[in-house]
Amino acid sequence: DSDKLEYHHLFGRNYSNETISLPKSYHNFITQTQNSFPVKVRKKPLMMALISILALMELSCKLLRKIIEKECENEKDSN
């Protein structure tokens, strides 16, 4: 069920009505990253926006690494 899409509030549901659709596993990763910061910090709209951007960037880097590692494996197999 990790392929199921969920809506994620871009900058936290308290600060933004804008949402994006994400697979459940990606949504969980971003939410966990956001929640790893103290509530007092997350209550500041600017900080929540920055934390959200950071979480999206971390997810993007994680996915890019998988793509690159897969290509490296494909190169090994073809030699």
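- Side chains of H8 and Q34 form a contact here, defined as non-hydrogen atoms less than 4.5 Å apart.
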Evaluate the criterion salt bridge (Lys or Arg N to Asp or Glu O under 4.0 Å) for residue pair E73 and K70; output intermediate values, then yes/no. CA-CA 5 Å; E73 285 300 315; K70 186 173 183 176; over 6 Å; no

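- The nearest pair of heavy atoms linking G12 to S52 is N-OG, 4.3 Å.
- Among residue pairs with one or both ends in residues 36-65, those qualifying as salt bridge (charged side-chain N to carboxylate O under 4.0 Å, His left out) are R65-E69; sequence neighbours excluded.
- Put simply, CZ on F11 and CG on L50 are 9.0 Å apart, with the number rounded to the nearest 0.5 Å.
- Counting heavy atoms from C-beta on, the side chains of I30 and L56 come closer than 4.5 Å.
- With rounding to the nearest 0.5 angstrom, the CG atom of L22 is 7.5 Å from the CG atom of L59.
- Clustering ILVMFWY residues whenever any of their side-chain heavy atoms sit less than 4.5 angstrom apart, transitively, puts F29 in the very cluster that holds I53.
- Annotation for D77: atom CG counts as buried by contact number, over 12 foreign heavy atoms lying within 6.0 Å.
- At least one side-chain heavy atom of L54 sits less than 4.5 Å from a side-chain heavy atom of F37.
- Annotation: side chain of L10 is not in contact with side chain of N17 (no heavy-atom distance under 4.5 Å).
- Counting heavy atoms from C-beta outward, L63 and Y26 have side chains that approach closer than 4.5 Å.
- The line from CG of N74 to NZ of K76 is 11.0 Å long, rounded to the nearest 0.5 Å.
- Residues passing the salt bridge (charged side-chain N to carboxylate O under 4.0 Å, His left out) test with E75, sequence neighbours excluded: none.
- One finds the OG1 atom of T31 at 11.0 Å from the NE2 atom of H9 (value rounded to the nearest 0.5 Å).
- Between S21 and E6, the side chains place no donor N or O within less than 3.5 Å of an acceptor N or O (distance only, hydrogens not considered).
- L46 and V41 end up in the same hydrophobic cluster when Ile, Leu, Val, Met, Phe, Trp and Tyr side chains are linked at under 4.5 Å.
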